[in-house]
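Lettering follows sequence order; numbering is per chain, from 1. Small disclaimer: the values here were computed from a predicted structure and weren't measured.
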There are 2 protein chains.
Amino acid sequence: MSKEKISVQENKKMATIRDISLKCGVSVSTVSKVLNGYREIGEETSKAVMKAAEELGYVPNSYARQLKLKKSYNIGVLFDTLSVYGLKNEYFAHILAALRENASQGGYDITFIENNIGNRRMTYLEHCKYRNFDGICIVCADFTNPEVLDVVNSDFPVVTIDHSFNEAISILSDNSGGMRDLAQYIVSMGHKKIAYIHGNKSSVTHNRLVAFHQVLAEHDIVIPEYYMKEGEYRLAESAEEFTYELLNLSDRPTCILASDDYAALGVIKAIKRAGLRFPEDISVAGFDGISISQALEPKLTTVKQDTEKLGEQAAKKLICLMESPMTTPLEHIVLKAELIIGDSVKKLR
Amino acid sequence: MSKEKISVQENKKMATIRDISLKCGVSVSTVSKVLNGYREIGEETSKAVMKAAEELGYVPNSYARQLKLKKSYNIGVLFDTLSVYGLKNEYFAHILAALRENASQGGYDITFIENNIGNRRMTYLEHCKYRNFDGICIVCADFTNPEVLDVVNSDFPVVTIDHSFNEAISILSDNSGGMRDLAQYIVSMGHKKIAYIHGNKSSVTHNRLVAFHQVLAEHDIVIPEYYMKEGEYRLAESAEEFTYELLNLSDRPTCILASDDYAALGVIKAIKRAGLRFPEDISVAGFDGISISQALEPKLTTVKQDTEKLGEQAAKKLICLMESPMTTPLEHIVLKAELIIGDSVKKLR
DNA sequence: CTGAAAGCGCTTACAG
DNA sequence: CTGAAAGCGCTTACAG
């Protein structure tokens, strides 16, 4: 009975440096030095301290530690849950997974940046200050939101993904290159009537659109403006609707590009529901290269963004920036986006 | 020039309670009381303090706060990145999104539990102690790992998802009920030769298998043991391989259940590649109800787990447990899993 | 209504 | 080789 009580108590109350010092009969300074690996402490003493720490199940208290050291070993991740973005989008979820993996290997934890804490409302930047993040990674956010810009312009080390600023390191896929390769390939398959249900306006969307039009221009291909539709990223339903519109045209396209792979599913669905054959009658291409795109039959032709590397680079560059700000340039890193040729684009004779 | 310097400096150095007290000519105690809304401070003083805090852009320091208050407003999330689980699985990613959303609304931040920090290795439990989490949610983890069990058995408030323990609150889908409904439906569509490529062993898998066999037994349906295959959750490739084996049987099944929707894609792919028609020749059903399952044509028949509610309940129950441990029972909450009838199971005459 | 003091758990010059 | 002391930023009995 009394034994239980003690064990519960020991469990509940976390051992402090003070407990160790008491148990060993040395000062807290000495204990601290041993625990931090200072070589100046005598071997005897060191051993005793280590033993006591072990026995007491001592774990340092990060809060006390950080209060002194001004270092939290914690990275704030801005991951807006805008409608269809965020964790529900495999693209971002995979980036986060890689980011976390690499941050952890570098010794940093990850905490989501929020708009409030306890019952008080906070801006993103205030939240970052409150939690004393060592650095910040903006994975997906509305970059027109002033709160987001405040974070970018703050004194925190910042890395952004999919968006570049002068004030921060940014990691991007080569959207232009990826789209160029894709468009080039589609043209090479004999398509001239190519429609594009692109995503909502953003710098990423813009770059893809430009590349798309450039390739067409280079091949003297002119498409009617009603071949261009502004859908919503990731929304299969939205893409499905626009596809019906395209299929109803008298000069219907022979190939439809979707804003991303999720949207491509909507396009394919519409084609089948309209009683047409896919890809025999209408070809389709996606973007992102999410896992299911390759599990489909026929496989989807798409552009694979290297989420693994995007997350990895974000973490690594951020750690560099946090640990040696003076020797880390605020560069824009562009990662190759790879064309994946599936069977969803038919060769026209 | 000097102006810039000052502004940079002001930005960099975060204002403390002390700065406010200096600016107002009152004590730090008084400032603290005003900031914390104690009603005892004079109106004049209060106003002055609030104004100064505003002007200095004061944000409290969570580390100092927690050191005193023993409350971190931070929830640790155990989210193992086992091979194909974790963030790469839409099921878990959606649960995490809902969990985060609800935790945030309740005033709590979310930090991933890791195995190390800085350059020192830590167990999961040590990490939790280090970060002083107020509570812990185990979303996906290997429950045979002793480190995980240590967390469950610790004094931290714990909520687990998809796995029950006596020592913690658990939130689960009604896997039995969902599978019963699915199996019942398939049988009602006239299928008797039903194969099941189930996932690797776990309590969840077990419950689904039991329900599956019960329904068959109730209908006096006997299936050969080679209709049962142990695949890997989420791995389309694995399911695809097993499907070829099933299709090569002389008494091939008329319907194949997959461990989950991702795996179902592999099954469908194999059927098509084998030159058979889907769903005319072979029917397919999945599990989980991830978003793409409904974007496919034909739509997949599956069982939708309510990830929204799983995450929500996990957050809400954990907050209850943290804030009023004495009045919060350690219950096991089972959430309805809904049969979604698509067009992937054909009616046999 | 206000403030001095103690203390949360830790680290690190500094002195010996 | 070891320890006393100061301090990180905050809160809260306690005294006035």
Side-chain angles (χ1 to χ4, degrees), chain A residues 12-50 52-53 56-74 117-118 120 126 129-134, chain B residues 12-50 52-53 56-74 117-118 120 126 129-134:
Chain A
K12 203 83 194 175
K13 260 206 160 330
M14 299 200 191
T16 70
I17 219 175
R18 174 112 251 264
D19 297 328
I20 300 177
S21 88
L22 251 36
K23 183 154 183 171
C24 298
V26 296
S27 74
V28 293
S29 327
T30 302
V31 173
S32 176
K33 282 168 196 156
V34 172
L35 260 22
N36 286 301
Y38 285 39
R39 315 292 264 87
E40 60 199 74
I41 307 295
E43 203 174 326
E44 292 277 285
T45 317
S46 289
K47 271 188 186 158
V49 168
M50 293 308 266
L56 292 170
Y58 173 79
V59 177
N61 179 326
S62 65
Y63 289 81
R65 205 131 193 278
Q66 129 78 14
L67 197 55
K68 271 306 292 183
L69 300 183
K70 306 289 176 207
K71 171 112 181 134
S72 61
Y73 286 105
N74 202 182
I117 191 71
R120 46 179 117 180
E126 285 170 345
K129 290 182 178 175
Y130 177 76
R131 286 281 179 210
N132 284 288
F133 295 128
D134 291 338
Chain B
K12 202 85 196 173
K13 260 206 163 324
M14 298 193 191
T16 70
I17 219 176
R18 175 111 249 267
D19 297 328
I20 300 178
S21 88
L22 252 36
K23 183 155 183 170
C24 298
V26 295
S27 74
V28 293
S29 325
T30 302
V31 173
S32 176
K33 281 169 197 154
V34 172
L35 261 22
N36 286 301
Y38 285 40
R39 315 290 267 87
E40 60 200 72
I41 307 295
E43 203 174 325
E44 292 276 286
T45 318
S46 288
K47 272 188 186 157
V49 168
M50 293 308 265
L56 291 170
Y58 173 78
V59 176
N61 179 326
S62 65
Y63 288 83
R65 204 129 193 278
Q66 130 77 15
L67 198 54
K68 271 305 292 184
L69 300 183
K70 305 291 177 204
K71 172 113 181 133
S72 61
Y73 286 105
N74 203 182
I117 191 70
R120 47 178 114 179
E126 284 170 345
K129 291 182 178 175
Y130 177 74
R131 286 282 179 211
N132 284 287
F133 296 128
D134 291 338

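The side chain of B/Arg18 contributes no N or O atom lying less than 4.0 Å from OP1 or OP2 of D/dC10. Between A/Thr30 and D/dC1 there is no side-chain polar atom (N or O) within less than 4.0 angstrom of OP1 or OP2. Side-chain nitrogen and oxygen atoms of A/Lys33 include none within less than 4.0 Å of the OP1 or OP2 phosphate oxygen of D/dC1. In terms of phosphate contacts, B/Ser27 brings a side-chain nitrogen or oxygen within less than 4.0 Å of OP1 or OP2 of C/dG3. The phosphate of C/dT12 has OP1 or OP2 within less than 4.0 Å of a side-chain N or O from A/Tyr38.
When heavy atoms are screened at a 4.0 angstrom cut-off, A/Ser32 is found touching base atoms of the nucleic acid.
With A/Tyr63 as the partner, the ring-ring contact (aromatic ring centres under 6.0 Å, His included) test is satisfied by one option alone out of B/Phe133, B/Tyr63, B/Tyr73: B/Tyr63. When each of A/Cys24, A/Ser32, A/Ser21 is checked for a side-chain contact (heavy atoms from CB on, under 4.5 Å) with A/Val49, only A/Cys24 meets the rule. If you run side-chain contact (heavy atoms from CB on, under 4.5 Å) between A/Ile41 and each of A/Asn36, A/Val31, A/Thr30, only A/Thr30 comes through.
Rounded to an integer number of Å, the gap from B/Lys71 NZ to D/dT11 C1' is 16 Å. One can place NZ of A/Lys70 at 14 Å from P of C/dT11, the figure rounded to the nearest angstrom. Atom pair B/Asn61:CG and D/dT11:C1' shows a separation of 13 Å (rounding to whole Å applied). Distance B/Ile17 CD1 to C/dC8 P: 18 Å, rounded to the nearest Å. Between A/Glu40 atom CD and C/dA13 atom P the separation is 11 Å, expressed in whole Å. B/Arg65 has its CZ atom 18 Å from the C1' atom of C/dG9, to the nearest Å. In this entry the distance linking OH of B/Tyr63 with C1' of C/dC10 reads 14 Å, nearest Å. For B/Lys68 and C/dG9, the NZ to C1' distance is 11 Å, given to the nearest whole Å.
If you check C/dG16 for Watson-Crick or wobble pairing at under 3.5 angstrom, you find it paired to D/dC1.
Counting heavy-atom neighbours within 6.0 Å of B/Lys71 NZ, excluding the residue itself, gives a total above 12.
With 3.5 Å as the limit, one finds no donor-acceptor pair spanning the side chains of A/Asn74 and A/Asn132.
Across the interface with DNA chain C, nearest-nucleotide mapping of A/Tyr58 and B/Gly42 shows B/Gly42 to be the residue nearer the 5′ end.
For a distance-only test at 3.5 Å, the side chain of A/Ser29 qualifies as a donor-acceptor partner of the base of D/dA4.
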